[in-house]
Every structure is written in C-alpha cells, then in structure tokens.
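These notes are about the structure you will find just below.
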Amino acid sequence: MSNIDDGSWGHLADTEHFGRKTSSSDVRVISYNETTHPKYVNYTKAGHCMIYSKQNEKMFGLYDTRAAVLMQMRFDGYIGFPGGLIDDGENTVSGVNRELVEEINFDLEKFTIKEEHHVISHVNEKLKLILHFFAIEVPLQDFEEMEKKSLSAHDYGNEVMGIVRIPLYTMGDGFRGFPAFLTNAFAGNSREQLLQSLIQRQIMTKEEIERALEAKAI
Ligand SMILES: O=c1[nH]cnc2c1ncn2[C@@H]1O[C@H](COP(=O)(O)OP(=O)(O)O)[C@@H](O)[C@H]1O
Ligand SMILES: [Mn+2]
Ligand SMILES: [Mn+2]
Ligand SMILES: [Mn+2]
C-alpha cells in the first residue's frame with residue numbers, strides 16, 4: 001500500500017510549496033544583477049541549467065535533430081532541468097554546480113557553469129522565489145559521457161528518476177515529436193526556460209516554436 005495518503009511531506013515540507021504549479025502571471029523576467037537587490041535578500045533562489053550539444057544528425061534519415069538537450073524526469077513527475085535550490089549564503093553559480101554534481105554527476109574538472117552561461121532569470125513574487133537559468137554548450141562526445149555518468153549520480157533514483165533527450169523535430173503528422181513533448185508537465189518555469197534558450201542559442205527559430213505550440217494531435 002503506497003503511503004501517498006498519509007499527507008506527510010517529511011523533510012520536504014519546508015520546500016514542497018515551491019514545487020506547486022503557479023500561473024505564468026506570477027512570474028516575471030528579472031535581470032541577473034537586479035536579483036542581488038536587498039529587497040530580494042529573503043527570497044529563495046534556485047538555479048537550473050540546460051546542457052546541450054548542437055548536432056546535424058538526421059533522425060531516421062528524415063528529421064533534423066538540431067541538438068541533444070538534456071532534461072530529467074523528476075521525483076515529482078514533472079520534467080525539469082538539472083539544478084536546484086541555492087543554499088543560504090551560497091554563491092548562485094556555485095550552488096548550480098553543486099546541484100549538477102548531485103543530480104547528474106557533472107564533472108567540474110571538465111566543465112563549470114559560470115555567470116557567462118546565464119540565459120534568463122525570473123522572479124515569482126508570490127512564492128518569493130527567484131529562478132536563475134543557465135545554458136552550456138558542450139561537444140557531443142562530452143554530452144554522451146555525461147549521460148552515462150548521470151546513472152551514478154548521488155541523486156539518481158530519488159530526486160532524479162532519469163534523464164531524457166528532447167525530440168526537437170516535428171514528425172509528419174505535425175504533432176508528434178517536439179509539440180507532443182511540450183504537452184508534458186514541466187517543473188517551475190522550465191518550459192519557458194527551454195523555449196527561451198532554444199531561441200537564444202539559435203537551436204530553433206521563434207516561428208518554429210510558435211508552430212509547435214499551436215500544433216494539435218490529429
Ligand atoms: O528546471 C527547472 N526550471 C525552473 N524551475 C524549476 C525547475 N525544476 C524545478 N524548478 C522549481 O524550482 C524549485 C526548486 O528546484 P528543485 O526541485 O530542482 O530543487 P532541489 O534540486 O534543490 O531539490 C522547484 O520546487 C520548482 O518550483
Ligand atoms: Mn537541493
Ligand atoms: Mn537537487
Ligand atoms: Mn533539482
């Protein structure tokens with residue numbers, strides 16, 4: 001008998017409310033250095049990172065793969081990026097690097113997330129939560145190495161239920177592939193972070209993203 005109905009959150013209780021779905025109206029873009037303003041000193045900060053490797057392979061000889069992009073199936077059933085809550089007093093990028101080591105066994109000897117990898121930050125006034133987002137491009141060989149190493153990450157099998165690559169192509173029926181992927185439940189504002197960075201890192205055009213968002217299963 002599963003224990004989901006005992007209502008307890010255990011040690012998760014102090015952060016579980018951050019995981020609840022919020023409407024996009026509660027979240028607005030904020031500049032990275034604005035987040036260092038004293039009024040945000042009591043806000044909880046989180047940082048997540050998109051690791052990707054551009055590639056021009058054709059899937060089944062038909063569909064442009066564009067890039068290998070790493071996301072994860074989380075313990076809460078949402079899809080999200082590796083990363084997490086920055087500890088009190090912890091430097092933001094140090095916190096992101098720590099979370100990447102915990103969650104995907106990131107090799108800090110090879111790559112470290114720096115402020116130059118920053119893509120966008122959002123603030124959720126309601127939750128008093130700031131969500132920093134980074135993206136780092138790596139060679140495909142290193143990307144594949146990371147995927148393998150992620151299986152022996154400390155949080156593999158608890159916070160992280162596995163990693164996924166994202167299908168960035170749209171198949172013949174106009175829906176399966178990327179549009180179908182976007183119908184998943186996403187953690188925090190990770191869906192927005194994904195779309196923003198695909199455009200910013202020139203993996204997809206704004207028009208392609210809009211088409212994917214409008215596509216309907218037939
Ligand atoms: O990929 C993401 N992008 C943006 N926000 C996320 C992502 N994953 C989770 N979040 C939000 O940030 C909060 C903390 O992230 P996470 O659950 O990864 O922390 P942890 O790894 O330290 O436990 C989550 O409760 C959720 O609201
Ligand atoms: Mn954490
Ligand atoms: Mn974590
Ligand atoms: Mn996490």
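Counting convention: from 1, in listed order, for ligands and their atoms alike. Residue numbers start at 1 and run along the sequence shown. The basis for the numbers below is simple: all heavy atoms, side chains too, and nothing from hydrogens, waters or symmetry mates. If you're wondering where the values come from, they're calculated on a predicted model, not measured in any experiment.
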(request) Looking at E103, pick out the N, O or S atom nearest to the Mn ion (ligand 3) and give its name. (result) OE2
(message) For a quick check under 3.5 Å, do Q193 and S190 share a side-chain donor-acceptor pair by atom type?
(response) no
(message) What I want to find out is whether E144 reaches K148 closely enough, with some N-O distance under 4.0 Å, to be called a salt bridge.
(response) no
(request) Tell me the protein N, O or S atoms under 2.8 Å from the Mn ion (ligand 2), in chain and number order. (result) E99 OE2
(request) Mind telling me whether Y169 and Y63 have parallel, tilted or perpendicular rings, with 30° and 60° as the class edges? (result) parallel
(request) Validate the cation-pi geometry between K45 and Y40: distance from NZ or CZ to the six-membered ring centre under 6.0 Å, angle to the ring axis within 45°. (result) no
(message) Could you check, using the six-membered ring where one of them is a Trp, whether Y32 and H132 have ring centers closer than 6.0 angstrom?
(response) yes
(request) Using the rule that two of Ile, Leu, Val, Met, Phe, Trp, Tyr join whenever any of their side-chain heavy atoms come within less than 4.5 Å, decide whether I163 and V96 are in one cluster. (result) yes
(message) Could you check whether F134 and H118 have their ring centres less than 6.0 Å apart?
(response) yes
(message) Between N97 (side chain only) and L100 (backbone N and O only), is there a donor and an acceptor less than 3.5 Å apart?
(response) no
(request) State whether R66 and E57 are salt-bridged, where the test is any N-O pair (Lys NZ or Arg NE/NH1/NH2 against Asp/Glu carboxylate O) under 4.0 Å. (result) no
(message) Just to verify, which of K126, K128, K21 counts as forming a salt bridge (Lys or Arg N to Asp or Glu O under 4.0 Å) with D26?
(response) K126
(request) Would you check ligand 1 and list the protein residues that come within less than 4.0 Å of it by any heavy atom, ordered by chain and number? (result) F18, G19, H48, R74, G80, F81, G83, G84, L85, E99, E103, L131, E159, A187, G188, N189, S190, Q193
